[in-house]
Structure formats: structure tokens, C-alpha cells
Amino acid sequence: MRTFTIRFEDDGKGEPKSVEFEGVDPLSVFSILQGEKFDRRVGLWEGNVRLGSLMRDSNNVWSLV
């Protein structure tokens, strides 16, 4: 298993926070983010390497931003 971290930005839609999780690959992030508010941007990290940023719109569609 690999260790990933999602970092929620201070965006006015919720408190900034970090959540560490383990998964076979980065796709495990979607099950963790399922209960979060729409239009909330998160950074996805593996160790010190930023893999990208994700955002879900009101149609429940995820985008790399």
C-alpha cells in the first residue's frame, strides 16, 4: 500500500485540513472525498510529491485543476 495525503485549501467553503490515507493507487481518493462539499479544491500528494489538484462541480464531475 502507498500513503497519500489530501490537503484541503483555505477556500471559504470549509476549514483547511489534511487527511492521510493508504491505497493501492491515487484513485482511492475519490471514496474519501465523496462526502465533501462541491467546488472544494484539494491537493493530492504522495510524500513530498504533489500529484495534482482536484475539484468536483455541482454535477458531481471531477476535474484536475
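Here, residue 1 is the first one in the sequence, and each next residue gets the next number.
- Salt-bridge formation is not detected for the pair R2/E22: no Lys NZ or Arg NE/NH1/NH2 atom is positioned less than 4.0 Å from an Asp or Glu carboxylate oxygen.
- Ion pairing between E20 and R7 fails under the 4.0 Å rule for side-chain N and carboxylate O.
- The CE atom of M55 sits 9.5 Å away from atom CG of D57, with the distance rounded to the nearest 0.5 Å.
- In this structure, OG in S53 is found 8.5 Å from CG in L44, a value given to the nearest 0.5 Å.
- L33 and W45 end up in different hydrophobic clusters when Ile, Leu, Val, Met, Phe, Trp and Tyr side chains are linked at under 4.5 Å.
- Both V42 and V19 are part of a single hydrophobic cluster, where members link through side-chain heavy atoms under 4.5 Å apart.
- Tested against F38, the residues N60, N59, V61 include a single side chain to side chain contact (heavy atoms under 4.5 Å, CB included) partner, N60.
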Margin query: Between F8 and E36, does the side chain to side chain contact (heavy atoms under 4.5 Å, CB included) criterion hold? Intermediate values first, please.
Written below: CA-CA 10 Å; F8 294 82; E36 294 294 331; 3.6 Å; yes
Next item on the list: Would you please test L54 and R41 for side chain to side chain contact (heavy atoms under 4.5 Å, CB included) and show each step?
Entry: CA-CA 6 Å; L54 301 164; R41 184 182 295 222; over 6 Å; no
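- Taking the six-membered ring for Trp and the full ring otherwise, W62 and F30 have centroids separated by under 6.0 Å.
- Note that NZ of K37 and CZ of R56 are 12.0 Å apart. Values are rounded to the nearest 0.5 Å.
- L64 and I6 fall within the same hydrophobic cluster, where Ile, Leu, Val, Met, Phe, Trp and Tyr residues are linked whenever their side-chain heavy atoms come under 4.5 Å apart, directly or through other members.
- Both F21 and L27 belong to a common hydrophobic cluster when Ile, Leu, Val, Met, Phe, Trp and Tyr are linked at side-chain heavy-atom distances under 4.5 angstrom.
- Nearest heavy atom pair, residue S58 against residue D39, reads N-OD1, 4.5 Å.
- Side-chain contact between E46 and T3 is absent, with no heavy-atom pair separated by less than 4.5 Å.
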